[in-house]
Engineer: 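One structure follows; several queries about it will come next.
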Amino acid sequence: MEEQNILPFPYEIIDVTSEEQEQINKVYGSTINIYRLSRVGPKKYVVYETYKKDAAGIYNMPLRPTDVVVASYQRSGTTMTQELVWLIKNNLDYSTAATVPLKRRYSFLENFMFYDTNQLDAFMKSMDCNMDNNDLKEILTVCAEPLLDTAKVVYVARDPRDVAVSSYHCAKLYKIIRFPGGFKEFWNLFYKGLYIYCPIFEHVKEAWDKRHHPNMLFLFYEEFLEDWAGSIRRVADFLGRSLVPEEVQDLCKHLNIENFKKNKSVNHAELRQHGMLDNNELFIRKGKAGGWREYFDEEMTEQAEQWIKDNLQNTDLRYPHFKK
Ligand code: A3P
């Protein structure tokens, strides 16, 4: 028995049903094992099957009061929030930020589930990338940290339709996922909760319900875009750091999407250099709100409206920019 199996883990992890796996396989084809999915806990969050192996280890990880966790549903603005938090917590050390990739400065907690270390050879082959296994292991090395009573959490949420579009591009970006279909096929998996980390609304609602906890700061991506300086100040206040106007200006400039796109510490230059990313896609992409309109046809727009309505019914969660 592996060591982590003796650590307590209070949530059940179950396989997706064979019907669900069939729907997923129909879209993906049966490429590599990474597409085997499981569900964890009462909200039935979708994770890769490989999540099982370190779930208890992560759940039991010791925390320090100085830890700050940036949490989000994927593609909601995690990277820019991490960069901001890291800079504020590290005395605005732009020179380290410029030279050390963010993924090495800020652990990606569940990174381990994306790469089954027993299958590195198969992954390398499937990605056709130019790295040996040791380099890959080193690049994917993860250490981690979570929860509210000890650590601080900055949560960022975003219009789930824009998250869907951004997640679609991300699924095309990583050769390891290499989503073969079009957006409509992706959307069909996403809103039915058959994509990784789904269901998105449950994720956001869990954080929203804790938003008044003194160790929790709940932000919307769209609020950043509307008011960078104000949002930066909110994060700094939450972390107990006062910023002079010039420092706020510098952070605004640093986080500006055009600069961020070129910033090799955050744009996954390292993975691109190793041939792990598709040449037609970017990790830091458009950085806009409302881009989903270019992707959704009438049917998808209606599906999305109903989906949002259904999911916001029994909650006071409101996205500030959903003006009706
Ligand atoms: P798009 O794909 O819509 O452009 P995450 O970091 O959680 O993966 O989120 C990625 C999304 O945030 C992408 O959205 C990305 O372009 C956007 N993003 C990243 N950095 C940004 C920044 N500095 N300003 C605005 N948007 C940013």
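From a predicted model like this one, the values you see are computed outputs, not experimental measurements. Residue numbers start at 1 and run along the sequence shown.
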Engineer: Using a strict 4.0 Å threshold on nitrogen-to-oxygen distance, state whether E20 and R39 make a salt bridge.
Structural biologist: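 Yes.
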Engineer: Considering the options R233, Q249, E223, M80, which one meets the side-chain contact (heavy atoms from CB on, under 4.5 Å) requirement together with W228?
Structural biologist: M80
Engineer: For R241 and E247: C-alpha separation, side-chain torsions, deciding distance, then whether side-chain contact (heavy atoms from CB on, under 4.5 Å) applies.
Structural biologist: CA-CA 11 Å; R241 169 72 147 90; E247 289 172 328; 3.6 Å; yes
Engineer: Assess whether side-chain contact (heavy atoms from CB on, under 4.5 Å) is satisfied between Y106 and K89, documenting all intermediate values.
Structural biologist: CA-CA 11 Å; Y106 222 130; K89 287 284 285 183; over 6 Å; no
Engineer: Are F322 and D159 close enough that some pair of their side-chain heavy atoms sits under 4.5 Å apart?
Structural biologist: yes
Engineer: Partners of R211 by side chain to side chain contact (heavy atoms under 4.5 Å, CB included), sequence neighbours excluded?
Structural biologist: W208, F218, D316
Engineer: Looking at D162 and R158, what are the two nearest heavy atoms and their distance?
Structural biologist: CB-NE, 3.7 Å
Engineer: Heavy atoms, side chains only, cut-off 4.5 Å: are E281 and L277 in contact?
Structural biologist: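 No, too far: nothing below the 4.5 Å cut-off.
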Engineer: side-chain contact (heavy atoms from CB on, under 4.5 Å) for R178 and D278? Distances and angles first, verdict last.
Structural biologist: CA-CA 8 Å; R178 206 179 253 146; D278 186 287; 5.9 Å; no
Engineer: Under a 4.0 Å N-O cut-off, is there an ion pair linking E299 with K184?
Structural biologist: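 Salt bridge: yes.
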Engineer: What is the distance from atom CZ of R105 to atom OG1 of T99, rounded to the nearest 0.5 Å?
Structural biologist: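 If we round to the nearest 0.5 Å, R105:CZ and T99:OG1 are 8.0 Å apart.
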Engineer: Any luck finding a side-chain donor-acceptor pair between Y191 and Q303 under 3.5 Å?
Structural biologist: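 Yes, a side-chain donor-acceptor pair sits under 3.5 Å.
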Engineer: To the nearest 0.5 Å, what is the distance between CG (D93) and OG (S95)?
Structural biologist: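 That separation rounds to 4.5 Å.
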Engineer: For the CG atom of L239 and the OG1 atom of T66, what is their distance to the nearest 0.5 Å?
Structural biologist: 11.5 Å
Engineer: Calculate, to the nearest 0.5 Å, the distance between atoms OG and CG belonging to S76 and L219 respectively.
Structural biologist: 12.0 Å
Engineer: How about Y45 and E206: does a side-chain donor come under 3.5 Å of a side-chain acceptor?
Structural biologist: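 Per modelled atom types, Y45 and E206 side chains form a pair under 3.5 Å.
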Engineer: Would a 4.5 Å heavy-atom cut-off, applied to side chains only, mark V70 and L84 as touching?
Structural biologist: no
Engineer: Under the side-chain contact (heavy atoms from CB on, under 4.5 Å) criterion, do K205 and K43 qualify, and how do the steps go?
Structural biologist: CA-CA 11 Å; K205 281 191 252 183; K43 305 288 165 73; over 6 Å; no
Engineer: Could you walk me through whether Q74 and Y195 pass the side-chain hydrogen bond (donor to acceptor under 3.5 Å, both in side chains) check?
Structural biologist: CA-CA 11 Å; Q74 63 173 348; Y195 193 64; 4.7 Å; no
Engineer: Are F283 and I257 connected in a single hydrophobic cluster, I mean Ile/Leu/Val/Met/Phe/Trp/Tyr linked by side-chain heavy atoms less than 4.5 Å apart?
Structural biologist: yes
Engineer: Hey, does Q21 have a side-chain heavy atom less than 4.5 Å from the side chain of N25?
Structural biologist: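 Yes, close enough: below the 4.5 Å cut-off.
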Engineer: For Y168, does the six-membered ring have the charged nitrogen or CZ of R161 within the cation-pi criterion, i.e. under 6.0 angstrom from the centroid and within 45° of the normal?
Structural biologist: no
Engineer: For the residue pair F190 and F183, establish whether any side-chain heavy-atom pair is separated by less than 4.5 Å.
Structural biologist: no
Engineer: Quick one: which of T79, L87, V85 gives a side-chain contact (heavy atoms from CB on, under 4.5 Å) with E83?
Structural biologist: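 That would be L87; it is the only one of T79, L87, V85 passing the side-chain contact (heavy atoms from CB on, under 4.5 Å) with E83.
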Engineer: Rounded at 0.5 Å granularity, tell me how far OG in S167 sits from CD1 in I196.
Structural biologist: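 Here the interatomic distance stands at 11.0 Å.
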Engineer: Surrounding NZ of K44 (heavy atoms of other residues, nucleotides or ligands, distance under 6.0 Å), is the total greater than 12?
Structural biologist: no
Engineer: So, the side chain of K175 versus the backbone of M276: is there a donor-acceptor pair under 3.5 Å, distance only?
Structural biologist: no
Engineer: Quick check: do L189 and F179 have side-chain heavy atoms less than 4.5 Å from each other?
Structural biologist: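 Of all side-chain heavy-atom pairs linking F179 with L189, at least one is under 4.5 Å.
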Engineer: Please find out if less than 6.0 Å separates the ring center of H203 from that of Y155.
Structural biologist: yes
Engineer: Using atom types as modelled and distance alone, determine if a side-chain donor or acceptor of N263 lies under 3.5 Å from a backbone N or O of N259.
Structural biologist: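 Between the backbone of N259 and the side chain of N263 there is no qualifying donor-acceptor contact (under 3.5 Å).
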Engineer: Counting heavy atoms not belonging to K253, are there more than 12 under 6.0 Å from its NZ?
Structural biologist: no
Engineer: If Ile, Leu, Val, Met, Phe, Trp and Tyr residues are connected whenever their side-chain heavy atoms lie under 4.5 Å apart, and connections chain through other members, are V16 and I14 in the same group?
Structural biologist: no
Engineer: Do F224 and L255 come close enough that some side-chain heavy atom pair is under 4.5 Å?
Structural biologist: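 They are not in contact (no side-chain heavy atoms under 4.5 Å apart), so the answer is no.
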Engineer: Suppose the criterion is ring-ring contact (aromatic ring centres under 6.0 Å, His included): which pairs have a residue in residues 230-266, not counting sequence neighbours?
Structural biologist: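 Listed once each, the pairs are Y94-H254.
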Engineer: Checking the side chain of K172 only, and the main-chain atoms of N280 only, is there a donor and an acceptor separated by less than 3.5 Å?
Structural biologist: no
Engineer: Are R234 and D237 within salt-bridge range, i.e. N to O under 4.0 Å?
Structural biologist: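 Looking at R234 and D237, the cut-off is not met.
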Engineer: Quick one, L173 and R272 - any side-chain contact, counting heavy atoms below 4.5 Å?
Structural biologist: yes
Engineer: Can you check whether S166's main-chain N or O pairs, donor with acceptor, with R285's side chain at less than 3.5 Å?
Structural biologist: no
Engineer: Short question: side chain of T78, backbone of S72 - any donor-acceptor pair under 3.5 Å?
Structural biologist: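 Answer holds: no.
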Engineer: Please identify which of these residues, L282, I284, L102, meets the side-chain contact (heavy atoms from CB on, under 4.5 Å) condition with N267.
Structural biologist: I284
Engineer: Same cluster or not: are L148 and L317 linked, directly or through other Ile, Leu, Val, Met, Phe, Trp or Tyr residues, by side-chain heavy atoms under 4.5 angstrom apart?
Structural biologist: yes
Engineer: Check D15 with K52, please: is the shortest side-chain N to carboxylate O separation under 4.0 Å?
Structural biologist: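 Salt bridge between K52 and D15, a charged N being under 4.0 Å from a carboxylate O: yes.
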Engineer: CG of N215 to OG1 of T150: how many Å apart, nearest 0.5 Å?
Structural biologist: 8.0 Å
Engineer: Does one side chain, of Y221 or H321, offer a donor that lies under 3.5 Å from an acceptor on the other?
Structural biologist: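 On atom types as modelled, these side chains do not qualify, holding no pair under 3.5 Å.
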Engineer: Grab the two heavy atoms, one from P8 and one from Y59, that are nearest each other, plus how far apart they are.
Structural biologist: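 Between these two residues, the closest heavy atoms are O-CD2, 3.7 Å.
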